[in-house]
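Report on one structure; see the data block that follows.
Below, each value reflects all heavy atoms present in this structure, side chains not excepted, and no hydrogens, waters or symmetry copies. In what follows, chains carry the letters A, B, and so on, assigned in the order in which the sequence lines appear, proteins first and then strands, with residues in each chain numbered from 1.
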Amino acid sequence: MEAIGGLLTGFGVILTLDNLFFCFLGSLIGTLVGVLPGVGPLAALALLLPITFTMTPVGGMVMLASIFYGAMYGGSTTSILLNIPGKAASVVTCLDGHQMAKQGRAGAALGIAAIGSFVAGTLGVIVMTFFAPTIAAVAIRFGPPENFALMVLGIVCTLFMITGSPVKGALMVALGFLTAAVGIDVVNGRERFTFGSVDLSAGIELLAVVIGLFGVTEVLSNVERVVKSTLVAERIRGLWPTLADWRASWRPMLRGSGLGFLLGLVPGGGPVTASFMSYALEKRLSAHPDGFGKGAIEGVPARNRPTTPPLPAASSPCFRSAFPATR
Amino acid sequence: MFERALNAFWILLGAAAAAYAWTLGLIGASGPESGLFPFLAGLIIMGAGVVLLLRSASENTAPDFPRGDALWRVLGVIAGLAFMAISIPFLGFAVAGFITMVILLRTVEKSSWWFSLALALVAIVVVVWLFGRILGMALPRGPWGW
């Protein structure tokens, strides 16, 4: 009852015309910024933070939360239409979302991404309202061994997602390890693979690698085939998913929401890990796993949901212990 | 041939990374040292390279490479991106981006001079305005201050 009372009090504070307008404006701006490849939610928040300086505290928080949600969703648009992830967590959307767009189903992919984001975000807020104090108290006990185990699980899931040669997949995972090792070791403070370069001591940004691997590859592939662009130029139709799409998507949507929420509670377990793990889970549970990576609509909510529920969940350890769960 | 060379590269890269990581230390008194994970990653890369090299010797895995005009277009894009990456610190984002776009439009798209110049100018102005002015991002500047 205390939670319901708090929720009603929150609605009482939030449901004003000004705050709803800030919510709409923040979502719109966040989505527009999130669409730009390379400008992720964190950068969007940092860039747009001055807008909130003149607002009331509640209005500012509403605006910032809306920008964050909008930016998280916005990354899906370029993943689906251009095969260029707007942020690291959108990488998995490229796998099936862009394939759907190539098959003329960009509308369905965008629609299920938007609806799924709304459903998952709402579920995340509801669950956080009622259970966050208890769950966060457990999650905050996550230490290095638990985090290490979580990362190992994420890597195993990544290996499971590989559709081609497993040896090449393992090689690429190890190469990713090596790339991530470049820079200053956060535990010992020693420089690794920097060779005296100041630029390398800051490490290699994951987003830069992701955009390079997906974006540049796509450009080169198009140039080779003399295709002007894979930009979906025709009118996008059928944004509202069909009954068959709903049947295929509602379970991945709910599972992704739950998984994303749980991982969002863990400091360090953010949307990227959640998206890869959820995709692997759906592929594992699917009756036709071969269709994943070739335009299976289950793959879109499998990726897209887990990036949203971690947000309310991630704010839980942040509010309780001033320790953010996501970057 | 290329596949074999690539797999040999993986072996060398893995070996070099493992050797370098060894110098950082693997296990210390307080647990894993900075070199442990890079060392393991290097070993995995090296091992995978060996497996792939042995496999490529027994299997016919001819990669599908671009040829003729397609190859030149791909090389043109790579050269353009390389030029932009190298020249940005000296020319700034606006000038380097403008020159790169003109080169790509002329060589890859075979656009006319006027179209290439106009499109490159408009694109760069919009990008600088959006990212530099509206979003306040610090785009690299040339010696002339923009």
For a quick test of reading the model, state the closest non-hydrogen atom pair linking [X] to [Y] and the distance between them.
| X | Y | result |
| --- | --- | --- |
| Pro38(B) | Ala181(A) | CG-CB, 3.8 Å |
| Met172(A) | Trp10(B) | CE-CZ2, 3.7 Å |
| Leu171(A) | Leu52(B) | CD1-CD1, 3.8 Å |
| Ile44(B) | Ala170(A) | CG2-O, 3.9 Å |
| Ala17(B) | Leu178(A) | CB-CD2, 3.6 Å |

| said: More than 12 heavy atoms of other residues, nucleotides or ligands under 6.0 Å from CZ of Phe148(A): yes or no? | reply: no
| request: Would you indicate whether Arg141(B), at its atom CZ, is surrounded by more than 12 heavy atoms from other residues, nucleotides or ligands within a distance under 6.0 Å? | output: no
| message | With a 4.5 angstrom heavy-atom cut-off, is it the side chain or the backbone of Leu81(B) that approaches chain A, or both, or neither? | response |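 For Leu81(B), the side chain is the part near chain A, not the backbone.
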| request: Let me know if Leu40(B) has heavy atoms under 4.5 Å from chain A in its side chain, its backbone, both or neither. | output: neither
| task | List for me each residue that meets side-chain hydrogen bond (donor to acceptor under 3.5 Å, both in side chains) alongside Glu191(A), sequence neighbours excluded, and say none if there are none. | result |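 Only Thr194(A) meet the side-chain hydrogen bond (donor to acceptor under 3.5 Å, both in side chains) criterion with Glu191(A).
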| With sequence neighbours excluded, residues passing side-chain hydrogen bond (donor to acceptor under 3.5 Å, both in side chains) with Ser34(B) |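 In terms of side-chain hydrogen bond (donor to acceptor under 3.5 Å, both in side chains), with neighbours along the sequence ignored, Ser34(B) is linked to Asp185(A), Asn188(A).
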| field | Heavy-atom proximity to chain B below 4.5 Å, by part of Val187(A) | value | neither
